[in-house]
Amino acid sequence: MQITLVQGDITDQQVDVVVNAANSSLLGGGGVDGAIHRRGGPEILADCRRLRASHYGKGLPTGRAVATTAGRLPARWVVHTVGPVFLPEERTERTGLLASCYRESLRVARELGARTVAFPAISAGIFGWPLEDAARIALTTVVEEGARVAPDGSAEGPAEVRFVLFDAEAYAVFERVRREVGSG
Ligand code: APR
């Protein structure tokens with residue numbers, strides 16, 4: 001699995017899966033969520049509503065992931081995942097939930113047969129997670145997942161995981177942490 005970092009808008013990425021930093025309602029919001037629904041169009045929300053009406057009556061729990069159409073995005077699917085809100089007194093437990101967002105999104109991407117997956121910096125915006133720690137959790141988890149091997153010995157999962165950082169500061173933090181984390 002190749003891990004790449006780009007600075008840009010996740011809604012521009014021509015990949016199989018774009019991961020959305022959603023909230024549990026799955027009915028849209030600001031940040032990445034707002035950009036994906038705005039650019040992706042109403043089909044994404046229609047799919048989200050169907051999910052709410054069927055499997056996720058109470059909303060998508062934190063740390064879980066679910067796929068919908070990508071609508072008008074240059075992608076095939078959107079995988080919505082709900083990051084934890086940063087809360088220092090519950091840091092350990094919530095760190096596990098943030099790691100789960102990456103792990104579960106990659107599991108759903110594998111089930112779809114996705115070859116390329118674009119992630120935002122989940123929880124590092126409105127949900128307030130300190131950027132460096134969010135980067136470390138993201139990169140550590142994805143490097144671990146990249147080491148997965150299928151029963152026949154072949155590498156399991158997407159060929160490329162791309163972190164799409166919205167500004168130069170986030171890009172610089174991810175680049176530094178990426179060097180520290182290495183390739184596992
Ligand atoms: N492309 C890439 N990254 C983006 C984009 C974009 N178009 N827009 C914002 N970002 C960056 C932010 O700068 C931040 O680093 O994505 C990261 C995550 O920020 P948020 O989108 O605020 O996501 P999060 O912190 O997980 O908060 C989720 O915000 O939008 C609402 O409905 C969403 O309630 C949920 C909450």
Side-chain angles (χ1 to χ4, degrees), residues 3-42 44-49 51-52 56 58-68 70-75 77-88 90-91 93-106 108 116-139 141-142 160-178:
I3 297 176
T4 54
L5 307 179
V6 300
Q7 182 178 335
D9 187 322
I10 202 165
T11 62
D12 292 334
Q13 305 304 312
Q14 300 184 30
V15 290
D16 287 337
V17 162
V18 168
V19 176
N20 181 22
N23 63 60
S24 58
S25 78
L26 289 178
L27 302 178
V32 171
D33 204 1
I36 285 174
H37 282 283
R38 207 170 26 255
R39 173 94 182 262
I44 299 177
L45 190 57
D47 258 9
C48 288
R49 286 213 167 94
L51 286 165
R52 284 294 311 271
Y56 299 100
K58 295 188 178 57
L60 184 66
T62 300
R64 297 278 297 280
V66 69
T68 66
R72 300 193 199 109
L73 296 181
W77 300 280
V78 172
V79 170
H80 306 261
T81 191
V82 180
V85 175
F86 182 65
L87 194 61
E90 292 185 15
R91 190 173 195 137
E93 181 203 344
R94 292 186 178 216
T95 293
L97 286 170
L98 185 51
S100 173
C101 288
Y102 292 95
R103 203 170 294 117
E104 283 299 295
S105 296
L106 286 171
V108 173
T116 52
V117 178
F119 278 105
I122 300 168
S123 288
I126 293 165
F127 280 179
W129 207 283
L131 192 56
E132 174 160 349
D133 196 41
R136 185 162 291 106
I137 295 163
L139 288 159
T141 305
V142 169
E160 181 197 356
V161 168
R162 184 183 307 175
F163 285 96
V164 184
L165 292 323
F166 206 38
D167 53 44
E169 185 213 355
Y171 182 87
V173 168
F174 266 74
E175 198 176 41
R176 177 160 48 76
V177 172
R178 174 85 177 96

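Sequence positions, counted from 1, serve as the residue numbers for this chain. Order of appearance sets the numbers: ligands from 1, and atoms from 1 within every ligand. Since the structure is predicted, the reported quantities are computational estimates derived from the model, not experimental observations.
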field: Mutual orientation of the aromatic rings belonging to Phe86 and Trp129 [parallel < 30°, tilted 30-60°, perpendicular > 60°]
entry: perpendicular
Charged N-O contact under 4.0 Å between Asp9 and Arg39: no
field: Nearest-contact summary for atom 13 (O) of ligand 1 - protein heavy atom, Å
entry: Phe166 CB, 3.9 Å
query: So which heavy atom in the protein is nearest atom 29 (O) of ligand 1, and how far is it from that ligand atom?
result: Ile126 CD1, 3.3 Å
- prompt: So is there a nitrogen or oxygen of Ile10 less than 3.5 Å from a nitrogen or oxygen in ligand 1?
  reply: yes
- line: If we number the atoms of ligand 1 from 1 as shown, the ones under 4.0 Å from a heavy atom of Gly31 are 8 (N), 21 (O), 30 (O)
message: Counting only nitrogen or oxygen atoms and a 3.5 angstrom limit, does Ile122 reach ligand 1?
response: no
message: I'd like to know if the side chain of Thr141 and the backbone of Ile137 have a donor-acceptor N/O pair within less than 3.5 Å.
response: yes
query: Side-chain contact, heavy-atom cut-off 4.5 Å: Leu131 with Phe174?
result: yes
- prompt: Where the closest heavy atom to atom 26 (O) of ligand 1 is concerned, which of Ala124, Gly83, Ser123 has it?
  reply: Ser123
query: What's the shortest distance from atom 23 (O) of ligand 1 to any protein heavy atom, and which residue and atom give it?
result: Ala21 CB, 3.6 Å
- prompt: Between Leu139 and Phe163, is any pair of side-chain heavy atoms under 4.5 Å apart?
  reply: yes
message: Is there a polar contact between ligand 1 and Gly34, counting only N or O atoms under 3.5 Å apart?
response: no
query: Any protein heavy atom under 4.0 Å from atom 4 (C) of ligand 1?
result: yes
query: Which ligand 1 atoms are under 4.0 Å away from a heavy-atom of Gly28?
result: 32 (O)
- request: Measure the CG-CD1 distance between Leu97 and Ile122 for me, rounded to the nearest 0.5 Å.
  value: 12.0 Å
message: Do Glu160 and Thr4 pair up side chain to side chain, a donor and an acceptor below 3.5 Å, judged on atom types alone?
response: yes
query: Would you say Ser123's side chain and Val85's backbone share a donor-acceptor pair under 3.5 angstrom?
result: no
query: Hey, does Ala22 sit under 4.0 Å from ligand 1 if you only count heavy atoms?
result: yes
- request: Please determine if Val32 has a nitrogen or oxygen closer than 3.5 Å to a nitrogen or oxygen of ligand 1.
  value: yes
task: Side-chain contact test, heavy atoms from C-beta onward, threshold under 4.5 Å: evaluate it for Val117 versus Tyr102 and give yes or no.
output: no
query: Taking distance alone, with no angle check, do Asp167 and ligand 1 share an N/O pair under 3.5 Å?
result: no
message: Any heavy atom of Asp9 closer to ligand 1 than 4.0 angstrom?
response: yes
message: Can you report which non-hydrogen protein atom sits closest to atom 18 (C) of ligand 1, along with the distance?
response: Ala121 O, 3.2 Å
message: Any heavy-atom pair between the side chains of Leu106 and Val161 that's under 4.5 Å?
response: yes
- request: Consider every N or O of Phe127 and every N or O of ligand 1, then say whether any pair is closer than 3.5 Å.
  value: yes
